Every structure is written in C-alpha cells, then in structure tokens.
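Below, chains carry the letters A, B, ... as their sequence lines are ordered, and counting in each starts from 1. Since this is a predicted model, take the numbers as computed values, not measurements.
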Protein chains: 2
Amino acid sequence: MKEETRQRVMEAAKKLNYVPSALARNFATSRSGNIGVVLPYVPKVHMFSSFFFSEILSGIGNKARELGYDILLLFQTPDESMDYVRWFHAHKIDTCIILGAKDDPEELLALRRLAEEGLPFCLINQHFEGEPFSEVDADHVQGSYMAVRHLIERGYRRIAFMNGPLTYSNSRDRLQGCEKALAEAGLVLKEELIFRGNFSRSSGITAASELMKVIDQVDAVFAANDRMAIGLMQGLRDLGLPEERFPAMFGYDNSDASQVTTPELSSVKVPFYEMGEIAAAEVLKRLEQGAGAPDQPFRIMLPTELVIRASSQNLRF
Amino acid sequence: MKEETRQRVMEAAKKLNYVPSALARNFATSRSGNIGVVLPYVPKVHMFSSFFFSEILSGIGNKARELGYDILLLFQTPDESMDYVRWFHAHKIDTCIILGAKDDPEELLALRRLAEEGLPFCLINQHFEGEPFSEVDADHVQGSYMAVRHLIERGYRRIAFMNGPLTYSNSRDRLQGCEKALAEAGLVLKEELIFRGNFSRSSGITAASELMKVIDQVDAVFAANDRMAIGLMQGLRDLGLPEERFPAMFGYDNSDASQVTTPELSSVKVPFYEMGEIAAAEVLKRLEQGAGAPDQPFRIMLPTELVIRASSQNLRF
DNA sequence: TGAGAAAATGTACGCGCGTACATAAATCGG
DNA sequence: CCGATTTATGTACGCGCGTACATTTTCTCA
C-alpha cells in the first residue's frame with residue numbers, strides 16, 4: 001500500500017470522525033487489550049493507601065500505558081472462590097499480575113489452574129517454592145540481613161523483630177535474613193523477642209504492649225514494614241516510655257511515612273515501582289511473542305537498599 | 001421458561017466448563033461493562049501514593065465491584081491531546097469518573113465535548129462554574145473556614161496560608177473559606193503571608209524558606225494539604241527554627257501522614273473514600289436507567305470535618 | 001505500446017453473543 | 001379429548017472488525 005493512500009484514508013477517517021471500535025476489534029482478534037491486576041481482598045482496609053500497592057500499581061500502569069495496554073483492576077471478593085481463570089475465559093484480560101498473593105491451599109490451587117491452562121500471569125512479591133510460577137520479587141533475605149547487620153554494626157546486640165504474617169513468603173524471607181545476620185554475629189533471635197503483626201500501624205501499636213514487657217532486654221527493633229515500626233514507636237510513646245530509653249528502630253519499605261516521623265525512620269528501600277514496571281514488561285513481552293515461545297516461567301529478583309536515618313543512629317551507644 | 005429447565009441448562013453449562021465470553025457479549029450489546037477512571041498525568045510522581053487518589057480509587061473500586069462493573073484505569077498522557085470521548089467511542093468504557101481535572105481551557109474543551117455528546121461522566125473534587133457537569137465534591141470552603149476559625153479561636157491571629165495551584169477549584173475554595181474566617185474575626189490575609197505549592201511535600205520544604213523570612217509575623221499556618229504542611233514543618237526545622245518558635249500548623253486531608261508526625265498534625269478530614277463510592281454509584285445508576293432518563297447533571301457536596309491534634313494546640317498562648 | 005508488477009478496490013466470512021420470530025412440543029382447563 | 005396456553009426448540013441475523021482472496025485499476029520499464 002502506498003503511503004499517500006494511507007494518508008488519504010486517515011484524513012477521511014478523521015473527517016468522518018471515525019474511531020475504530022476497540023470492542024469490535026478485540027472481539028475479532030479475541031484479545032481484550034487489557035492487563036488484569038489482581039488485588040487481594042482486605043476488609044476495611046483501603047487497599048491503595050498502602051505504599052506497597054500504590055507503588056506497584058503505578059509501575060504497572062506506567063509500563064502498560066507505554067505498551068498500549070489498559071489496566072483492568074480485579075478485586076478479589078471474599079465470598080466467591082478464587083477463580084483467576086474466569087477472567088481469561090471471559091476474555092476480559094489477556095494476562096494478569098497478581099498482588100498480595102498468600103501461600104495458602106486455596107490460592108495455590110487457583111494459581112496452579114492458571115499454570116496448567118498455560119495462561120500467562122505473574123506474581124509480585126510472593127514466591128511459591130517448587131511451583132513453576134513467574135514471579136517478580138525483591139531480595140528480602142538480603143534486605144533484612146543488611147538491616148539487622150547494620151544494627152549490629154552500630155553496636156546493638158539485643159535485637160527484637162516484628163514480622164508480618166508467615167503466609168507471605170516475604171515475611172519468611174525477612175525472618176531468614178534477620179536470623180542470618182544475627183547468627184553471623186553469634187547471636188540468636190530469642191522467641192520472646194519475636195512479635196507478629198499484619199503490616200498495619202495498629203498492629204504495631206498493639207504489639208508495643210508486648211514489647212514493653214521485655215523492653216529491658218531490647219536495644220533495637222527491626223520491623224517488617226514501616227507502618228508497624230511507626231506503630232511500635234507510637235505505642236511505646238503512648239505507654240510512657242521515655243525518649244532516652246527508646247530502642248533503635250529499623251523499618252522496611254522506605255515508604256513516604258518513614259520520612260515524616262521523628263526521629264526519621266531508617267528503612268529498607270524496595271523498588272516496588274520498578275517491580276511493577278518489570279512485571280508488566282515481562283508479562284506483555286511474553287504475550288506479544290505469542291504461544292509460539294517456549295514460555296518458560298521467569299523469576300526476577302531485585303536488590304534492596306538500606307536507607308539510614310536517625311532512628312538507627314547511636315542513640316544509646 | 002421453567003425454573004427446572006433453567007437449572008438443567010446451568011448444570012450442562014458447568015459440566016462443559018462453559019464461560020460466556022464477556023468480549024462477545026459486550027460486543028453484541030455494545031457495552032463494555034467497564035467504568036473508566038481517568039488519572040491525570042503528573043510526571044515523576046507516583047500517582048497512587050497520594051492519599052487523595054488512593055482513597056478515591058478504593059471507594060470507586062468497592063462500589064463498582066458491588067454493582068458488577070470493572071474498573072479500567074485511564075492514564076492521561078502528556079503528548080496526545082486530551083480526548084475523553086475517544087474511550088467511549090472505542091467502547092472501552094461505558095461511563096467514566098475523572099480525577100484531578102484542572103480548570104484550564106484544554107480540559108474544559110474536552111469535558112464540554114463529553115457533555116455535548118451526552119456521554120455519562122462525573123468529576124470528583126473539581127467544580128467548573130456554570131458548566132453542566134456532574135460533580136462529587138467536598139465542601140472545602142466550609143473545611144477551610146472551620147480550620148482557620150479554629151486557629152483563631154485558639155488565639156492565633158497572624159495566620160499564614162499555603163495554598164495549592166489555583167487551577168483547582170478546591171484551591172480557590174480553600175482560599176475563600178480561609179478569608180471568610182479571617183474576615184469574621186476582623187482580620188485580613190496579607191499577600192506576603194500567602195504561599196503557593198503544588199501539594200507535594202517538597203514544595204512545602206521549598207516554601208519554608210519564604211515563610212522563614214516573615215516568621216516573626218506568623219503564629220499559625222494553614223496549609224491546603226497535609227503533605228505541604230509536613231514539608232513546611234520539616235523545612236522550618238531544617239532551617240534551624242527552634243521548636244518553641246514554631247507556628248501552629250493545620251493541614252488538610254487527614255491523611256495517614258498526619259498521624260505520624262511530631263507533633264501530630266491537625267487536619268481537615270475529607271471523605272475521599274465515600275466520594276469515590278458515591279461517584280461510582282451515581283454514575284452507574286444513571287447508566288442503568290439508560291438514555292430514557294432526563295439525565296440531569298448532579299452535584300453532590302459532602303461535608304468535611306476537623307480533626308484536632310497537637311499541632312494546633314496552644315503552643316504559644 | 002504492451003507486459004508485468006504494484007496498488008487499489010471489491011467480496012465474503014467468521015468471531016460468539018443478544019434478539020426476534022417461527023415452529024414444535026408439553027401442559028392445562030373444561 | 002380438544003383447544004388454549006405455556007414452554008421448548010429451531011432458525012436467522014447483526015454487531016464491526018480482521019483476514020483472505022479475487023478482481024480491477026494504476027504504475028513502471030522496456
């Protein structure tokens with residue numbers, strides 16, 4: 001076809017105000033042009049307010065737009081059984097990225113069905129050992145290791161750890177990294193210095209009461225995310241712990257919140273935004289290659305980085 | 001049709017693993033089942049990290065899911081001209097909710113085109129005077145009025161105001177509410193005590209230098225959002241202003257961040273989440289009613305609420 | 001000027017559903 | 001048992017695009 005004709009057609013189209021119907025086109029090609037982003041159902045929590053989801057979604061959104069795809073938000077509902085396959089069969093999405101997946105039997109089953117049918121998908125920030133799922137993750141073992149090691153180097157020896165639910169592989173990673181750093185220094189993580197929350201600030205505030213009971217045995221706390229770290233600090237403050245007896249604090253995520261506390265919170269920077277971008281890019285790349293490609297699952301792991309702020313400075317040493 | 005037959009069909013469908021193709025169905029009915037959410041393009045900003053967008057999107061998402069619609073995220077791109085109509089013509093969306101619209105000529109033109117074609121849409125948190133656009137807004141005049149009045153009641157007289165860009169009607173609303181409260185107390189807002197930012201924390205930090213020059217004439221600051229208020233506080237601190245000379249601070253949005261600063265930040269609570277829910281509900285209600293309805297544009301205004309925290313307590317009086 | 005290639009134009013069909021209508025079968029009432 | 005009604009089954013078409021292929025026109029170069 002000649003370029004000139006092409007131009008003439010385009011002009012005519014514009015003159016007639018013609019807009020191709022994405023609907024009809026998608027129907028004809030049986031591709032929706034949408035990339036699904038699955039969000040977990042967390043009751044009473046405004047999902048996006050969490051730094052984690054916000055950043056990842058921004059990353060996905062940016063890359064998807066760049067590659068000409070639209071983003072369809074898929075909200076997990078608590079009642080109906082987890083059925084990712086449905087979205088594919090209904091042709092609402094061509095591929096999907098799953099956020100906040102948990103390592104429980106139901107989730108695993110749903111993901112296996114996806115894999116068995118050869119449907120393209122990718123998990124972010126969650127690893128299933130031994131399963132052939134594509135994943136984009138950050139190295140939380142490394143991140144936790146560095147954080148705790150930093151505390152040890154600063155002179156802290158009696159280190160407590162507040163973790164998130166163990167159904168998330170990244171919680172387990174953190175535990176592992178934390179123990180590794182302690183072990184290298186000849187220390188062990190005592191059971192009574194392990195606290196558990198659900199990544200919310202309020203769970204940190206709650207845990208503060210527990211922490212308070214053993215505060216004499218603690219001179220630093222590593223928390224699995226910033227919000228719990230902040231909750232802990234606020235809880236301790238509310239319980240009347242004097243400033244000078246505060247343990248050093250180390251958070252995780254390097255969220256905006258870590259920069260507005262007093263003292264500012266040291267944290268582990270996780271490239272959530274980039275993880276979103278990469279996940280979108282990879283998943284779409286494989287989609288465009290088509291079914292002809294071998295379609296090996298990929299596992300991408302991004303490094304984390306320490307951001308040292310006042311909360312882990314030598315307050316007591 | 002008999003109920004029994006219905007059941008038999010459904011069973012057969014399940015047995016055959018039949019899933020109706022949403023794609024084909026949408027094509028046949030020429031409705032996409034998607035509700036578009038338009039997000040403004042803000043370079044280098046990770047959009048969702050902003051409390052404002054996060055909350056509203058959560059609200060929309062919740063309601064949409066409830067009503068059986070999916071959410072398609074539409075990212076505004078800087079290069080191509082603003083063309084909301086396109087999404088409708090392409091049948092990617094049935095209706096849309098526009099966030100972060102600005103009062104500039106291009107935006108206005110784009111919105112007018114939507115209105116002229118009778119396409120259903122709704123703005124959140126932005127008012128266009130004299131235009132027949134459906135809007136869901138919060139009463140920012142009232143919110144600002146209450147905030148400043150509170151400061152005045154606390155004994156503060158010399159009140160500075162840090163506003164956002166005036167292209168947003170809600171910035172203008174805040175100015176109006178602020179001036180109203182001052183006027184009632186026989187005060188005026190002096191030009192040199194007005195600062196302007198872009199709602200980011202860094203713009204607050206920047207403005208702190210300006211504020212510092214007139215700090216002797218200021219005993220309280222009202223900021224148009226929390227992030228700028230926090231930026232101002234941090235900026236003043238960085239510039240070495242001693243704690244006891246700090247002005248009282250009042251923020252806006254009641255974001256999570258307002259609860260983690262020291263002192264905690266008084267703020268105006270805006271029901272963003274509910275605004276999202278209402279916008280989705282209204283826009284879908286009108287959609288279901290079909291074109292038969294008179295389709296009068298609606299304007300819904302939700303009240304705001306003060307949340308008093310330490311930053312506006314009598315620090316100096 | 002004519003043969004061959006390139007470009008333009010024309011025609012047909014399927015994607016899988018909703019919708020409408022025609023026909024056949026089952027059910028009901030007297 | 002028959003007519004009237006409800007229910008079941010069958011048939012056809014269109015939504016607007018992509019795709020394939022047949023046909024006609026234009027262009028190119030000898």
Side-chain angles (χ1 to χ4, degrees), chain A residues 1-36 64 67-70 72 74 83-96 117-120 284 286-293, chain B residues 1-36 67-70 72 74 80 83-96 117-120 284 286-293:
Chain A
M1 183 172 37
K2 261 198 296 187
E3 177 58 27
E4 187 217 323
T5 316
R6 209 186 123 72
Q7 290 300 333
R8 272 172 47 220
V9 172
M10 297 306 272
E11 278 170 33
K14 189 175 288 178
K15 196 176 299 174
L16 295 171
N17 253 326
Y18 169 79
V19 179
S21 162
L23 209 50
R25 169 179 293 150
N26 295 336
F27 177 59
T29 57
S30 59
R31 305 206 309 105
S32 65
N34 295 333
I35 158 171
L67 300 177
Y69 279 79
D70 290 308
L72 198 70
L74 304 177
D83 188 4
Y84 301 130
V85 181
R86 188 170 95 254
W87 300 106
F88 283 92
H89 285 174
H91 290 285
K92 292 288 286 191
I93 58 174
D94 298 333
T95 181
C96 81
E117 299 209 24
L119 297 170
L284 290 179
R286 275 161 178 75
L287 192 65
E288 310 260 298
Q289 285 175 349
Chain B
M1 182 174 33
K2 261 199 294 190
E3 178 57 26
E4 187 217 325
T5 317
R6 208 185 122 73
Q7 289 300 334
R8 273 173 47 222
V9 172
M10 296 307 271
E11 279 171 34
K14 189 175 289 178
K15 196 175 300 175
L16 296 171
N17 254 326
Y18 170 78
V19 179
S21 161
L23 209 50
R25 171 179 292 149
N26 295 337
F27 176 58
T29 57
S30 58
R31 307 206 306 105
S32 66
N34 296 333
I35 157 171
L67 300 177
Y69 280 78
D70 291 307
L72 198 70
L74 305 177
E80 51 190 276
D83 188 4
Y84 301 130
V85 181
R86 187 171 96 254
W87 299 106
F88 285 92
H89 285 175
H91 290 286
K92 291 288 287 190
I93 58 174
D94 298 332
T95 180
C96 81
E117 299 208 23
L119 298 170
L284 289 179
R286 275 163 179 74
L287 191 65
E288 310 260 296
Q289 286 174 349

Worksheet item: Could you state the NE2-P distance from A:His89 to C:dG16, rounded to the nearest angstrom?
Response: 13 Å

Fill in: Residues from residues 15-32 of chain A lying under 4.0 Å of DNA chain D - heavy atoms
A:Tyr18, A:Pro20, A:Ser21, A:Ala24, A:Arg25, A:Phe27, A:Ala28, A:Thr29

Side-chain donor-acceptor distances from residues 10-21 of chain A under 3.5 Å, at least two apart:
from: A:Ser21; atom 1: OG; to: A:Leu23; atom 2: N; distance (Å): 3.3
from: A:Ser21; atom 1: OG; to: A:Ala24; atom 2: N; distance (Å): 3.0

Worksheet item: Any side-chain heavy-atom pair from A:Arg6 and A:Glu3 closer than 4.5 angstrom?
Response: yes

Discussion item. Test of understanding: with salt bridge (charged side-chain N to carboxylate O under 4.0 Å, His left out), list the residues that count as partners of B:Arg8, not counting sequence neighbours.
Written reply: none

Worksheet item: With a 3.5 Å cut-off and no angle check, do the side chains of A:Ser32 and A:Asn26 form a donor-acceptor pair?
Response: no

Please enumerate all protein N or O atoms sitting under 3.5 Å from an N or O of nucleotides 20-27 of chain C, with distances to 0.1 Å.
none

Worksheet entry | Residues that A:Ala28 engages under side chain to side chain contact (heavy atoms under 4.5 Å, CB included), provided they are two or more places apart | none

Practice prompt. Check whether any side-chain heavy atom of A:Arg86 lies under 4.5 Å from a side-chain heavy atom of A:Lys92, and answer yes or no.
Written response: no

Worksheet item: Is any side-chain heavy atom of A:Leu72 less than 4.5 Å from a side-chain heavy atom of B:Asn34?
Response: yes

Worksheet item: Residues two or more places apart in sequence or in another chain: which of them pass side chain to side chain contact (heavy atoms under 4.5 Å, CB included) with B:Thr95?
Response: B:Ile35, B:Pro120, B:Val283, B:Leu284, B:Leu287

Item to complete: Measure from NZ on B:Lys92 to P on D:dG16 and round the result to the nearest Å.
Response: 17 Å

